[in-house]
Amino acid sequence: MRNPEAIVGDPEQVEALAGALLGPDLEPIVDLVITADDEGYEARAVDGRVRFTRTDDGHGWTFTETLVEGRNPLGDQATDRFVGLAAEQANPWPSRAENAYPHAYEMVAQIFDHPAAPDVVTLHTPAHNWEDHGGERGEHGSMSTIQARAPFILGGAGVRRQGLVPRSCKLVDVAPTVLALMGADPHPDGVGLNGRPRADALLRRQDGEALRDLIDPDAEPPEFVVGFLFDGCNPNVLHDAIAAGEAPNVARLLELGVGFEHGAFSSLPTVTLANHTSILTGAHPGHHGILNNAWFDRGRGEQVITNSPATWAWSMATLSSEVETVYQAVKRTWPDAITLAANEPCDTGADLGTFVLMRDGQMPEHPPKAEDLPFATDRFVRPEKKYATSSRVDHIGMEMAVGVWGDGYQGTAHPIPKFTWVNFSLTDAAFHLGGPWSEVARASIHDTDARLGQVLDAVERRGVFDRTAFFLVADHGMEESNPAVTGDWGDALRATGVPFRDEAYMWIYAGID
């Protein structure tokens, strides 16, 4: 059930590569091996496999298992596994049998809808430290529970105050929920998850659902919405920091509305730009066209890299014309509104933004030296280069948002943005660096919370706080890896004699090198 336009590898070569990844020597580092063909989808682990198909069901899909041998590696799709920091820390590096893979069948199926999907998807075990590929103490990329789970908090005008509730959603639910809260118009040609017409779709392609029970039916819709992304932030750690008083501004947002204790689950692959784009389009990577941080396009015969400082400004070049961003949806309903994308590569349709400026030949205001920044923990910002760099980047985004909401940015005053999006990257850098349970990770939450607070203050100074809704998400989770579990599957693949490309150290294409 691959995209019929896909150029795929020879089946025998694909099978040789997939089989090599399931060798006993690779068991500590290979969690799942996933393939697709004209008949359906297959997920394999060392102790079992499952084949399944999909059929259209309304605007979604129904999945049918056609073969199970041994343990079904995707059989446990619980969304409430390892909730809370204590539960997570008590279960480090969970085994395949202990782990869960939320929404796994949907996550597998959507990837192979893209014509440039790989022949083999290889997912790392929770313990694997990708030492030979720049591995760090905190890791993500898999669709297992901790790596896929992101936070979701929605508060402010028009939101029912429920506090922290024991439930979950998907990141593709965020955009339709925000648009429903705002009172946006349905798209006249909107389609659902399976590509069939959907009359209530609030985006051109809506793979998720609008969570309308979060909206107060007796309240006026917000006039403005401000969204924040804490890149790579583990929600168990975030909620623990809130409880400890280390994130008072995020706590304020939670007090104004609702937070999902079980999180919001990211789409496969659980990596940065694929899921930034899923949040802002309501579509999975296999549908919106930002397939991974890097992949190979056989049709063009070239590698595509999106999540790089060299490509951020132009990373939406492969965004599908069949999707719509939140910025575009807002303009469709409110043509005179303006939208802001601070520090966000997924900015198609935004009027203002960091990369909008760069594409116009302008540069954002230069930040202070890292050690001179406000809201930067001195003990980490001085010795740690990644912490320092990300702190400066986040300062740029904060200054842009505060300026646009205030007296002006780079000498130009602006109307209040109907929709504002601010991407903070420090949490990702710090959680990678020390792991999610580290002091540097907690410091990054504290620093980012302070920057978020500056934006909240700017909204208050503008006199519209009570008419504004806010939300906070991340693009994926982050899991503590085991420094003792290293290794590389490259030698096993090369031993097959099959030429291959391994993009983003998980996306394998057979027959090319």
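Sequential numbering from 1 along the given sequence is applied to the chain's residues. Computed over heavy atoms, backbone and side chain alike; hydrogens, waters and symmetry mates excluded.
The main-chain N or O of Asp80 is never found under 3.5 Å from a side-chain atom of His262 such that the two would form a donor-acceptor pair. Of the possible polar contacts, one joining the Gln110 side chain to the Leu268 backbone as a donor-acceptor pair under 3.5 Å is found. No donor-acceptor distance shorter than 3.5 angstrom exists from the side chain of Asn482 to the backbone of His128, with no hydrogens or angles considered. In this structure, Thr270 contributes its side chain and Ser142 its backbone to a donor-acceptor pair below 3.5 Å. No donor-acceptor pair under 3.5 Å is formed between the side chain of Glu209 and the backbone N or O of Val172. In this structure, the side chain of Asn275 does not engage the main chain of His476 through any donor-acceptor pair within 3.5 Å. In this structure a side-chain-to-backbone donor-acceptor pair under 3.5 Å is missing from Glu384 to Lys386. In this structure a side-chain-to-backbone donor-acceptor pair under 3.5 Å is present from Asp297 to Arg300. Tyr409 places no side-chain N or O within donor-acceptor distance of the main-chain N or O of Pro364, the cut-off being under 3.5 Å. Between the side chain of Ser444 and the main chain of Ala441, a donor-acceptor pair closer than 3.5 Å is present.
Sorted by first and then second residue, the side-chain hydrogen bond (donor to acceptor under 3.5 Å, both in side chains) pairs involving residues 233-246 (not counting sequence neighbours) are Glu88-Asn234, Glu88-Asn236, Asp240-Arg442, Glu246-Arg442.
Taking the charged nitrogens against the carboxylate oxygens, Glu439 and Arg379 do have a contact shorter than 4.0 Å, which makes a salt bridge. Electrostatic pairing of Arg359 and Asp347 counts as a salt bridge here, judged by a charged N lying under 4.0 Å from a carboxylate O. Looking at Asp351 and Lys331, a side-chain N of the basic residue comes within less than 4.0 Å of a carboxylate O on the acidic one, giving a salt bridge. Salt bridge annotation for Arg204-Glu324: absent, with no cationic side-chain nitrogen under 4.0 angstrom from a carboxylate oxygen. The pair Glu480-Arg137 counts as a salt bridge, with a side-chain nitrogen and a carboxylate oxygen less than 4.0 angstrom apart. Glu106 has a carboxylate O that lies under 4.0 Å from a charged side-chain N of Lys170, or vice versa, which qualifies the two as a salt bridge. Salt-bridge check for Glu371 with Lys369: failed, with every basic side-chain N at 4.0 Å or more from each acidic carboxylate O. Using a cutoff of 4.0 Å between basic side-chain nitrogens and carboxylate oxygens, Asp200 and Arg198 are scored as salt-bridged.
Side-chain contact between Ile338 and His414 is present, with heavy atoms from C-beta onward closer than 4.5 Å. Between Leu203 and Val323, every side-chain heavy-atom pair lies at or beyond the 4.5 Å cut-off. Residues Met182 and Pro221 fail the side-chain proximity criterion, which asks for heavy atoms closer than 4.5 Å. Residues His395 and Met398 have side chains in contact (heavy-atom distance under 4.5 Å, counting atoms from C-beta outward). The side-chain heavy atoms of Leu256 and Arg161, taken from C-beta on, include a pair separated by under 4.5 Å. Within the 4.5 Å cutoff, no side-chain heavy atoms of Val473 are placed close to those of Pro151. Residues Phe471 and Val159 form no side-chain contact, since every pair of their non-hydrogen atoms from C-beta on lies 4.5 Å or further apart. Side-chain contact between Leu214 and Arg160: absent, with no pair of heavy atoms (C-beta onward) separated by less than 4.5 Å.
Between Arg205 and the options Glu322, His187, His287, His284, a side-chain contact (heavy atoms from CB on, under 4.5 Å) holds for only His287.
Counting all heavy atoms, side chain and backbone alike, Ser315 lies closest to Ile290 at O-CD1, 3.5 Å.
Between Trp130 and His124, the ring planes are parallel. Angles under 30° get that label, and only those over 60° would be called perpendicular. Aromatic ring pairs are classed by plane angle as parallel below 30°, tilted from 30° to 60° and perpendicular above 60°; the pair Phe152 and Phe260 is perpendicular. Aromatic ring orientation, Phe265 versus His103: perpendicular (interplanar angle above 60°, classes split at 30° and 60°).
The number of heavy atoms from other shown groups lying within 6.0 Å of NE2 (His446) does not exceed 12. The neighbour count for Glu220 CD, taken as heavy atoms of other residues, nucleotides or ligands under 6.0 Å away, does not exceed 12. Within a 6.0 Å radius of CG in Asp189, more than 12 heavy atoms belonging to other residues, nucleotides or ligands are found.
Legend: residues meeting side chain to side chain donor-acceptor pair (under 3.5 Å) with Glu399, ordered by chain and number and at least two apart, are absent.
Remark: Arg451 fails to qualify as a cation-pi partner of Phe230 under the 6.0 Å distance and 45° angle criteria applied to the six-membered ring.
Side chains of Gln147 and Glu139: no donor on one and acceptor on the other come within 3.5 Å. No side-chain donor from either of Asn3 and Asp113 sits under 3.5 Å from a side-chain acceptor of the other. In the model, Tyr387 has a side-chain atom that pairs as donor or acceptor with a side-chain atom of Asp447 under 3.5 Å. Side chains of Thr354 and Asn343: a donor on one and an acceptor on the other come within 3.5 Å.
Summarising the geometry, atom CG belonging to Leu426 is positioned 10.0 Å from atom CG belonging to Asp231; distances are rounded to the nearest 0.5 Å. Atom CG of Leu280 and atom OG1 of Thr348 lie 9.5 Å apart (nearest 0.5 Å). Separating the CG atom in Leu452 from the CZ atom in Arg252 is a distance of 10.0 Å, to the nearest 0.5 Å.
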Go through the steps for His288 and His114 under the test side chain to side chain contact (heavy atoms under 4.5 Å, CB included), then give the verdict. CA-CA 9 Å; His288 62 56; His114 195 284; over 6 Å; no

Test log, rule side chain to side chain donor-acceptor pair (under 3.5 Å), inputs His276 and Asp475: CA-CA 6 Å; His276 280 236; Asp475 47 351; 3.3 Å; yes

Evaluation steps, side chain to side chain donor-acceptor pair (under 3.5 Å), between Trp421 and Glu344: CA-CA 8 Å; Trp421 175 257; Glu344 177 53 60; 2.8 Å; yes

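Here Phe465 and Phe470 bring their ring centres to under 6.0 angstrom of each other. Taking the six-membered ring for Trp and the full ring otherwise, the centers of Phe419 and Trp334 sit at least 6.0 Å from each other.
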